[in-house]
2 protein chains.
Amino acid sequence: MSTSFRPHRSGDLHFLKRLNRSAILELIRRSPGLTRADIATHAQLTKATVGTGVQSLLKQGWLREGELQKSSGGRPGRALHLDEQHFAILGAEVGVHGLRLVACTLSGQVLASHHERLSPSSPEMTAELLANLLQTLTQSPALEGYCLLGIGVALPGPVAPKDAVLRMAPNLGWKDVRFLDLLRHHLPQQDGAWLMDNEAKSAAFGEFYFRTGQVPDSLVYVSAGTGIGSGMIEGNQPLLSRGFQGLAGEIGHTVLQPGGLYCHCGNRGCAETLVSGWSIRAALGISEEEGLIEALQPRMHEESVQLTLRRAGEALGILLLNLHHTQNPSELVLGGSLVQLGAPLLDPALSYFAAHQNRLLGTTQQTPLRVIEDSTFVAARGAAAQVLASVIHGPSDLI
Amino acid sequence: MSTSFRPHRSGDLHFLKRLNRSAILELIRRSPGLTRADIATHAQLTKATVGTGVQSLLKQGWLREGELQKSSGGRPGRALHLDEQHFAILGAEVGVHGLRLVACTLSGQVLASHHERLSPSSPEMTAELLANLLQTLTQSPALEGYCLLGIGVALPGPVAPKDAVLRMAPNLGWKDVRFLDLLRHHLPQQDGAWLMDNEAKSAAFGEFYFRTGQVPDSLVYVSAGTGIGSGMIEGNQPLLSRGFQGLAGEIGHTVLQPGGLYCHCGNRGCAETLVSGWSIRAALGISEEEGLIEALQPRMHEESVQLTLRRAGEALGILLLNLHHTQNPSELVLGGSLVQLGAPLLDPALSYFAAHQNRLLGTTQQTPLRVIEDSTFVAARGAAAQVLASVIHGPSDLI
DNA sequence: GCCACTTAGTAAATAGATAAAACTAAGAGG
DNA sequence: CCTCTTAGTTTTATCTATTTACTAAGTGGC
């Protein structure tokens, strides 16, 4: 159960100042080119408050002034943009088949990236390798002159909400790993904000946070790879929920087929027994050593492959529908390596979801579902987004 | 899809004052008897700020001073409590088989209640009847001298998140009903805060908000009645998510049995086809007119009844497990009329959940699950709790 | 009983934030 | 060139929390 004594938010004048500065920064982040006057309108602050806030954000290197706007019968305003040349954030994903690293700007633009294929190894060795790769990345010429805000790490398993422990990673064979501590041991000089989260949650956050213009009210990211995970973001909140034990979003272990096949977790009929990298491998006799996509490419015409993928796709469709009826996000995003299997898997999933989602309400309004073809760096970039948000909204002295 | 332009929170000095006042009030609400000094410690405010805040809350009728605390070598502090004699809140639930009304104090203590059995009728007639019953309730002697903060209404169906529309209530035969507007038409003189929500969400909120002492980090309430719904509250937030179309928590329509029985929503294999008041009636040939519990009581020994309830219970267990793997609350609460069916339904559910919940993490930590035997007024009281929270944290001038 | 010590709570002065009002800047349009 | 409009800054005012000093009210040692 739990239940620390967590009072409601209170604050002093400094807190208020920070709140308003971050609101200004978020507005410009979402809508580059806003003027001070626009911000005053949208944030419900006075011109004076916005003026001083913007001034300090300019000085601190968060913003830069842009061109004059077109006038419509008055003094033209000056556009404000994020300063893309001052701060950068590091993000990394520890995946079952390799490490992915990115460095990106405040807007999420990738300055440098690296993808290192490797087989699962111990937490310690993985942390050491990742530390070295991060060290190399920070020295890349693209990062010259940037000030690093921190490091975010996405991991393939549930992460406990408070104490930064990876509870387990079945496909890596890890259990109760304090990965950040291991990493920090090899990167002692790197300061700033450090955090880690489940990869689907990092990905969800990044897909939400780095979007500009129209932003959905809520978004669920479904990560379909060796396992199936999900993350939800809602209400423009800078943090996203991990659940009590870090199990929030573990939709791969929701039961879809009572009495069905045994899952590696010991339960029967988990969604992952129907749709996941490992269950497809098991069904089609593909070893861990082979790449799933590469192994299946030449066998796509086989009937057993088509049938397996169709069944997996239907299960994925059910998962999407169940998310619709539990979280009901205003947008769904589907990523992960299984997406590369293409139509044989995705068509049944998408058509099941499209056909069933409106039955209950009897409407025709479809929840938009976006499929990310290449999600290689999505989780790593999302982890960087989480770091950025924690700096902007947390107790940092950089803002 | 959606996506209004929703900026991050900003605020002025008045907002800050309100924020601190509500933090103080929430602390005392959760831990009656705290002194000003305790509050200063917990809320991280100075003694002076707490002092002036408490003073104004005393004057406005939110708080009252209590006894002196025991001294431990210094001036004893004075205990602060909610003023239980000044404000009251009305809550109502429109159920399939009747109306439930409560009036409660700031701590959730029920001052007066009423349960009116009736069969489904039109929204207009129901609203008129409820208005009359509320009117009567407000004139009950127990409410003498109380100042009413507002009215909350819980409804048996998805409520759209923004525009206060009951999207549908399958078991009432309603669709797109602006119930508050109908109700207000018959209660024009009643002012204060008005709101409505889905009954499971109201119940979830009330079970969380009116608890004192140790409070769970998150809580999911599962309402098992004619249909199955759920609501989740998390992170001490004063509001709870309805999802984009109001479908969040509609776990009764998650698919548990692909290709299973047809549900009234038109899909197949929804959880409600396995466990719900209507599916149990259908399976055992019990008409809408009879009370389900009353009809089953004498038939409990029949094998078909036992089998039906066992199967329903297993499905309920799967639902609980799936919630565990999607939301992962730190506490589960099970309520609704089906609870009255007792062990034949509950035992399979609870034992399934207990046996399967720890498989993934391999721990022995059990998520506490509380079964509410009599949840008659839980949703109505929860709706009142929502009103109270909206007054405390909203833009009211009462605080 | 006296006195040092401790903690609770209040009062007055101070600091720091946003707001309000006045002002300057800069363009459109007649 | 003048008026009107909008953007942004400066100055002043207001408001809130903090700081500091103080009063209140206990404990415990002597």
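Only heavy atoms go into these numbers, but all of them, side chains included; no hydrogens, no water, no symmetry mates. A, B, ... follow the sequence lines: proteins, then strands. Residue 1 opens every chain.
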Open item on the list: Is a donor from one side chain sitting under 3.5 angstrom from an acceptor on the other, for A:Ser107 and A:Arg29?
Closed with: no
- [ ] Indicate whether OP1 or OP2 belonging to C:dT18 is found under 4.0 Å from a side-chain N or O atom of A:Thr49.
- [x] no
Open item on the list: Nearest heavy atom decides the nucleotide; on that basis, is A:Leu16 or A:Pro76 closer to the 5' end of DNA chain C?
Closed with: A:Leu16
TODO: Would you mind classifying the nucleic acid contact of A:Gly77 as base, sugar-phosphate or nothing, using non-hydrogen atoms under 4.0 angstrom?
DONE: sugar-phosphate
TODO: Using only heavy-atom distances, determine whether the side chains of B:Glu331 and B:Ser218 contain a donor-acceptor pair under 3.5 Å.
DONE: no
- [ ] Would you mind reading off the distance between B:Leu58 atom CG and C:dT10 atom C1', rounded to a whole angstrom?
- [x] 14 Å
TODO: Ignoring the backbone of A:Ser71, work out which of C:dA28, D:dT23, C:dA17 is nearest its side chain.
DONE: C:dA28
Open item on the list: Just the rounded figure in Å: distance from C1' of C:dT18 to CD of A:Gln44.
Closed with: 14 Å
Open item on the list: Any donor-acceptor pair, under 3.5 Å, between the side chain of B:Arg75 and the base of D:dA25, if you only look at N and O atoms?
Closed with: no
TODO: Please tell me which of B:Asn20 and B:Leu68 maps to the more 5' nucleotide of DNA chain D, matching each residue to the nucleotide holding its nearest heavy atom.
DONE: B:Asn20
Task: Gap between atoms CG and C1', on A:Leu13 and D:dA17 respectively (whole Å) - done: 5 Å
Task: Rounded distance in Å - CD (A:Glu67) to P (C:dG27) - done: 14 Å
Open item on the list: Judged by each residue's nearest nucleotide on DNA chain C, which is more toward the 5′ side, B:Gly73 or B:Ala48?
Closed with: B:Gly73
Task: Interatomic distance, B:Lys70 NZ vs D:dA25 P [rounded to whole Å] - done: 16 Å
TODO: Could you tell me whether B:Ala37 contacts a base, only the sugar-phosphate backbone, or nothing, with contacts defined as non-hydrogen atoms closer than 4.0 Å?
DONE: sugar-phosphate
- [ ] Between A:Lys47 and A:Gly11, name the one whose nearest nucleotide on DNA chain D is closer to the 5' end.
- [x] A:Lys47
- [ ] Give the rounded distance in Å between these two atoms: CZ of A:Phe15 and P of D:dT16.
- [x] 16 Å
TODO: Would you tell me if any nitrogen or oxygen in the side chain of B:Thr35 comes within less than 4.0 Å of OP1 or OP2 on C:dG9?
DONE: yes
Open item on the list: Does either side chain, that of A:Thr35 or that of A:Gln69, offer a donor lying less than 3.5 Å from an acceptor on the other one?
Closed with: no
Open item on the list: Just the rounded figure in Å: distance from C1' of C:dA8 to CG of B:Leu80.
Closed with: 12 Å
Task: Whole-Å distance separating the CZ atom of B:Arg78 from the P atom of D:dA25 - done: 9 Å
Task: Nucleotide of C:dT24, C:dT10, D:dA17 approaching B:Arg36 most closely (side-chain heavy atoms) - done: C:dT10
Open item on the list: Between B:Gln44 and A:Ser10, is there a side-chain donor-acceptor contact under 3.5 Å, judged purely by atom types and distance?
Closed with: no
Open item on the list: Can you see whether A:His81 engages A:Glu65 through a side-chain donor-acceptor pair at a distance of less than 3.5 angstrom?
Closed with: no
